Amino acid sequence: LFSVFTQVDPNELTLEQYAQALIIANEFGDIEVQEKDGITYFLHEGDNGFTYYTCVLRGTDAFWRINFYTYTEHFEEMLPQFAQWASGVTFG
């Protein structure tokens, strides 16, 4: 993952750029990075019957990737809760 950033100052890296790098590094394919209510995230399906809500956040010293996931058949009903949980993440 970090090889993608060899030409970028980490202090200038945006959350969207970091999310795009995660998508590329994990070979998720053509996935759109989204932003809603101040949370930058992307959605992807795993080979294991789960769908993931992956949010990217920035703490004072690092970027963070947090996955929330559930069985694909329950994903739509869980999505609002995942977004709520993501918005509640704080760094101490």
Side-chain angles (χ1 to χ4, degrees):
L1 172 66
F2 293 107
S3 64
V4 175
F5 302 123
T6 57
Q7 303 298 321
V8 179
D9 178 347
N11 295 315
E12 295 177 11
L13 193 64
T14 67
L15 288 173
E16 183 176 355
Q17 290 170 319
Y18 183 72
Q20 285 292 343
L22 288 170
I23 291 167
I24 293 166
N26 288 284
E27 299 178 349
F28 289 146
D30 188 22
I31 294 177
E32 177 185 357
V33 175
Q34 302 176 56
E35 192 276 327
K36 184 175 179 184
D37 298 328
I39 301 294
T40 301
Y41 67 95
F42 58 91
L43 310 176
H44 61 98
E45 291 186 24
D47 296 339
N48 53 5
F50 291 96
T51 299
Y52 296 79
Y53 172 100
T54 299
C55 62
V56 292
L57 306 163
R58 187 175 193 142
T60 57
D61 63 343
F63 285 94
W64 291 83
R65 168 189 179 174
I66 301 174
N67 289 316
F68 299 99
Y69 62 96
T70 189
Y71 291 109
T72 299
E73 64 263 20
H74 301 296
F75 186 77
E76 289 301 320
E77 70 184 78
M78 291 300 298
L79 184 56
Q81 184 123 14
F82 292 160
Q84 181 182 9
W85 293 341
S87 69
V89 173
T90 59
F91 300 96

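Heavy atoms only: backbone and side chains are in, while hydrogens, waters and symmetry mates are out. The structure presented is a predicted model; accordingly, all values stated were derived computationally and were not measured.
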Original post:
Which pair of non-hydrogen atoms, one from Glu16 and one from Val33, has the smallest distance, and what is that distance?
Top reply: CG-CG1, 3.9 Å
Original post:
Can you tell if the side chain of Leu57 reaches within under 4.5 Å of the side chain of Phe91, non-hydrogen atoms only?
Top reply: yes
Subject >> Stepwise ring-ring contact (aromatic ring centres under 6.0 Å, His included) check, Tyr53 with Trp85 >> reply: CA-CA 11 Å; Tyr53 172 100; Trp85 293 341; 9.7 Å; no
Original post:
Do Ile31 and Leu43 touch side chain to side chain, with heavy atoms closer than 4.5 Å?
Top reply: no
**OP:** May I ask whether Tyr52 and Phe75 are part of the same hydrophobic cluster, defined by side-chain heavy atoms of I, L, V, M, F, W, Y residues being less than 4.5 angstrom apart, directly or through others?
**Re:** no
Subject >> Beyond-backbone contact of Lys36 with Gln34, side-chain heavy atoms, under 4.5 angstrom >> reply: no
**OP:** Could you tell me whether the side chain of Arg65 reaches within less than 4.5 Å of the side chain of Asn67, counting heavy atoms only?
**Re:** yes
Original post:
Closest approach of Ser87 and Ile39, non-hydrogen atoms and distance?
Top reply: CA-CD1, 3.8 Å
Subject >> OH (Tyr69) with more than 12 external heavy atoms under 6.0 Å >> reply: no
**OP:** State, without any angle test, whether His44 and Thr54 hold a side-chain donor-acceptor pair at a distance under 3.5 Å.
**Re:** yes
Subject >> Nearest-0.5 Å distance that lies between atom OG1 in Thr70 and atom CD in Gln81 >> reply: 10.5 Å
Original post:
Hey, does Tyr41 have a side-chain heavy atom less than 4.5 Å from the side chain of Phe82?
Top reply: no
Subject >> Gap between atom CD of Glu73 and atom CE of Met78 - 0.5 Å precision >> reply: 12.5 Å
Original post:
About how many Å separate CZ of Phe42 and CD of Glu35, when rounded to the nearest 0.5 Å?
Top reply: 15.0 Å
Original post:
Just by distance, with hydrogens left out, do Thr14 and Gln17 show a side-chain donor and acceptor under 3.5 Å apart?
Top reply: yes
Original post:
Between Ala19 and Val56, which heavy-atom pair has the shortest distance, and what is it?
Top reply: CB-CG2, 3.9 Å
Original post:
Hey, what do you get for OG1 (Thr51) to CD (Glu45), rounding to the nearest 0.5 Å?
Top reply: 4.0 Å
Original post:
Tell me, do Phe68 and Leu79 make a side-chain contact under 4.5 Å, heavy atoms counted?
Top reply: no
Original post:
Got a second to check how far Glu32's CD is from Ile23's CD1, nearest 0.5 Å?
Top reply: 9.0 Å
Original post:
Is a side-chain N or O of Asn48 found less than 3.5 angstrom from the main chain of Phe50, in a donor-acceptor match?
Top reply: yes
